[in-house]
Amino acid sequence: YKRQVYMYPCFKCGNPAKQATELVDTVLSQFEKAAVVIHVISGQWSNDKALNQKFISELVEALLPRLGNDNLVIATNSFHWEKVFGKEYSGLRRLGLFYIDPDKVAWCTQYIEFGGWSWANGKIYSLNNNDCGMNTDYIVPVSYTHL
């Protein structure tokens, strides 16, 4: 992936297409190429899983034409995915997945299939690190197709 920009969608703010447009306009004005990583963490969403599914679908559909599949990634884990969208929702499986498991271990050994993903593109194994004055997450790429 190129430069990665994290997006924490705001369900309460509504209008996912507008959020997508504003993010992409800002990112592409700063960087020629960038990947957008959409973080799905429970607590920032509605309690209505169907509304959450509709919101994320509209957000992704607004981002895809400008970024493409290769530049759009979901970052979450099975716990948050099920809590936000429900166990059976697999509407974003065409996108890449960064599996969040902040166990400080750079190996993807505890992955559980969810959301239609049988594997992850990478594992976020350490969150909120301070590197050179910047807040960063550590990601290890997963280069095999089955865990």
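All residue numbers in this chain count up from 1 along the given sequence.
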Novice: Between atom CD1 of Ile38 and atom CG of Leu59, what is the distance when rounded to the nearest 0.5 Å?
Specialist: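 Here the interatomic distance stands at 4.5 Å.
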Novice: Distance-only, no hydrogens or angles: does the Asn52 side chain make a donor-acceptor pair with backbone N or O of Val84 under 3.5 Å?
Specialist: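 Side chain of Asn52 to backbone of Val84, a donor-acceptor pair under 3.5 Å: yes, one is there.
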Novice: Looking only at heavy atoms, what is the nearest atom pair of Tyr99 and Ser78, with distance?
Specialist: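 Heavy-atom minimum between the residues: CE1-N, 4.1 Å.
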Novice: Does any N or O in the side chain of Trp81 come within less than 3.5 Å of the main-chain N or O of Val40, such that one atom is a donor and the other an acceptor?
Specialist: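 No: the side chain of Trp81 does not pair with the backbone of Val40.
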Novice: Restricting to pairs with a member in residues 9-69, which pass disulfide bond (SG atoms under 2.5 Å apart), not counting sequence neighbours?
Specialist: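 Applying disulfide bond (SG atoms under 2.5 Å apart) to every pair that reaches into residues 9-69, excluding sequence neighbours, yields Cys10-Cys13.
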Novice: Does the side chain of Phe85 come within less than 4.5 Å of Lys49's, by heavy atoms?
Specialist: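 In short, these two side chains do not touch, never coming nearer than 4.5 Å.
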Novice: Is the ring pair Phe114/Trp117 parallel, tilted or perpendicular, if the boundaries are 30 and 60 degrees?
Specialist: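 Judged by the thresholds at 30° and 60°, the geometry between Phe114 and Trp117 is perpendicular.
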Novice: Hey, does the side chain of Gln44 reach the backbone of Tyr8 with a donor-acceptor pair shorter than 3.5 angstrom?
Specialist: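 No: the side chain of Gln44 does not pair with the backbone of Tyr8.
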Novice: Walk me through it: do Val5 and Leu23 pass the test side chain to side chain contact (heavy atoms under 4.5 Å, CB included)?
Specialist: CA-CA 9 Å; Val5 176; Leu23 175 77; 4.2 Å; yes
Novice: Got a sec: does the NZ of Lys83 have more than 12 other heavy atoms crowding it under 6.0 Å?
Specialist: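 Counting neighbours around NZ of Lys83, 12 or fewer heavy atoms of other residues, nucleotides or ligands fall under 6.0 Å, so no.
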Novice: Could you list the residues that satisfy side chain to side chain contact (heavy atoms under 4.5 Å, CB included) with Lys54, not counting sequence neighbours?
Specialist: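 Lys54 satisfies side chain to side chain contact (heavy atoms under 4.5 Å, CB included) with Glu58 once adjacent residues are dropped.
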Novice: Hey, could you give me each pair passing ring pair (Phe, Tyr, Trp, His ring centres under 6.0 Å) that has a residue in residues 12-32? Not counting sequence neighbours.
Specialist: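 Qualifying pairs, neighbours excluded: none.
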Novice: Any donor-acceptor pair under 3.5 Å linking the side chain of Asn69 with the backbone of Leu72?
Specialist: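 Checking the backbone N and O of Leu72 against the side chain of Asn69, no donor-acceptor pair under 3.5 Å is found.
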Novice: Under 4.5 Å between side-chain heavy atoms, hopping through other hydrophobics if needed: is there a path connecting Leu92 to Leu51?
Specialist: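 Yes, same cluster.
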Novice: To the closest 0.5 Å, what do you measure between NZ (Lys12) and OG (Ser46)?
Specialist: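 If I round to the nearest 0.5 Å, the distance is 11.5 Å.
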Novice: Minimum heavy-atom separation for Ala20 and Ala62, please, with both atom names.
Specialist: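 Nearest heavy atoms, Ala20 then Ala62: CB-CB, 3.6 Å.
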Novice: Mind checking what makes side chain to side chain contact (heavy atoms under 4.5 Å, CB included) contact with Glu61, not counting sequence neighbours?
Specialist: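 Residues passing side chain to side chain contact (heavy atoms under 4.5 Å, CB included) with Glu61: Leu64, Arg94.
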Novice: Fit a plane to each ring of Trp45 and Phe11, take the angle between them on a 0 to 90° scale, and name the class: parallel (under 30°), tilted (30 to 60°) or perpendicular (over 60°).
Specialist: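 The rings of Trp45 and Phe11 sit tilted, inter-plane angle from 30° to 60°.
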Novice: For Tyr89 and Ser57, work out which heavy atoms get closest and say how close.
Specialist: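 In terms of heavy atoms, the two residues are closest at OH-OG, 3.0 Å.
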Novice: Using side chain to side chain contact (heavy atoms under 4.5 Å, CB included) as the criterion, list what pairs up with Ala50, not counting sequence neighbours.
Specialist: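 Asp48.
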Novice: Might you point out which heavy atoms bring Ala34 and Asn71 nearest each other, and give the distance in Å?
Specialist: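 So the two residues come closest at O-CB, 3.7 Å.
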Novice: So, using side chain to side chain contact (heavy atoms under 4.5 Å, CB included) as the criterion, who are the partners of Ala75 when residues are at least two apart?
Specialist: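 Once residues adjacent in sequence are excluded, the partners of Ala75 under the side chain to side chain contact (heavy atoms under 4.5 Å, CB included) criterion are Val37, His39, Phe98, Ile100, Ile124.
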Novice: Measure from the side-chain N and O atoms of Arg66 to the backbone N and O of Leu63, and report whether any donor-acceptor pair falls under 3.5 Å.
Specialist: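 No, the answer is negative, given that no donor and acceptor are paired below the 3.5 Å cut-off.
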